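Report on the structure given below.
Note that the coordinates shown come from a computational prediction; the quantities given were computed from them, not determined experimentally. If you read the sequence from its start, that first residue is 1, and numbering goes on from there.
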Amino acid sequence: MEKFKIQEKELKYHGRIVDFYSYHMEVPNGNHTVWDVILHKGAAAIVPVDEDGKIILVRQYRGAIDDFLLEIPAGGRDSEEEDFAVCAARELEEEIGYRSDEIHHLVDYHSAAAYTSEKIGIYYTEKLIPSKQKLDENEFVRIERYTLNELSEMIFDGRITDGKTIAAIMAYRVLKKK
């Protein structure tokens, strides 16, 4: 593959969660263009499986689409140096009130590599220990539980549209078939 060259990174907006840049690029044919790029410190998500084999998800409002999504517990890393597994464990407890001493890596997911650097480390656990939910002050979620088959059906009929959740459920389904 021919090399793309970033000639300049121009910060357009520094946000609490993301930074928005214009990348001035030289593409392989020698032309110059500008790409919009959102830099993100990364996130982690987890597939929590309860003692009945049901997967625990959260339904929460997402402002960018002005609607509620059904998702696996997830959240942003505190820093680019934070271990993805540590972040996943924190989100497990914060969002659904469980912790686990056995968290396993499942898959990594780039949410939208065309314009964001966000990488999500996805994990699973089948060993949940009851704890206490620790939602952020302005975080509101409803906890729901489904079987793997129910979730697969919900993905294919369009009731689940969250990319990380789809990737996680499908990867976990493959893992369980081994």
**Q.** Chi angles and distances behind the side chain to side chain contact (heavy atoms under 4.5 Å, CB included) call for Y13, Y21
**A.** CA-CA 7 Å; Y13 175 78; Y21 282 85; over 6 Å; no
(Q) Quick check on the hydrophobic clustering: are M170 and Y172 connected, directly or via other members, by side-chain heavy-atom contacts under 4.5 Å? (A) yes
**Q.** Carboxylate-amine/guanidinium proximity below 4.0 Å for D136 and K134
**A.** no
(Q) With a 4.0 Å cut-off on N to O distance, would you call R159 and E153 a salt bridge? (A) yes
Q. Using 4.0 Å as the upper bound for N to carboxylate O, is an ion pair formed by D162 and K164?
A. yes
Q | Derivation of the side chain to side chain contact (heavy atoms under 4.5 Å, CB included) call for Y115 and D36 | A | CA-CA 6 Å; Y115 59 85; D36 294 334; 5.6 Å; no
(Q) Does R145 form a salt bridge (charged side-chain N to carboxylate O under 4.0 Å, His left out) with D50? I'd like the steps, not just the answer. (A) CA-CA 9 Å; R145 297 169 191 255; D50 70 14; 2.8 Å; yes
Q. When you check the gap from the basic side-chain N to the acidic O, do K127 and D101 get nearer than 4.0 Å?
A. no
Q. Is it the case that one hydrophobic cluster holds both I169 and I120, taking links as side-chain heavy atoms less than 4.5 Å apart, direct or via other members?
A. yes
Q. Backbone N or O of I38 within a donor-acceptor pair of the T116 side chain at under 3.5 Å?
A. yes
**Q.** Main-chain N/O of E95 paired with Q133 side-chain donor or acceptor, under 3.5 Å
**A.** yes
Q: Over 60° means perpendicular and under 30° means parallel, so classify the ring planes of Y61 and F68, tilted if in between.
A: perpendicular
Q.
With a 4.0 Å cut-off on N to O distance, would you call E26 and K3 a salt bridge?
A. no
Q. Between E91 and R77, is there a side-chain N and carboxylate O pair less than 4.0 Å apart?
A. no
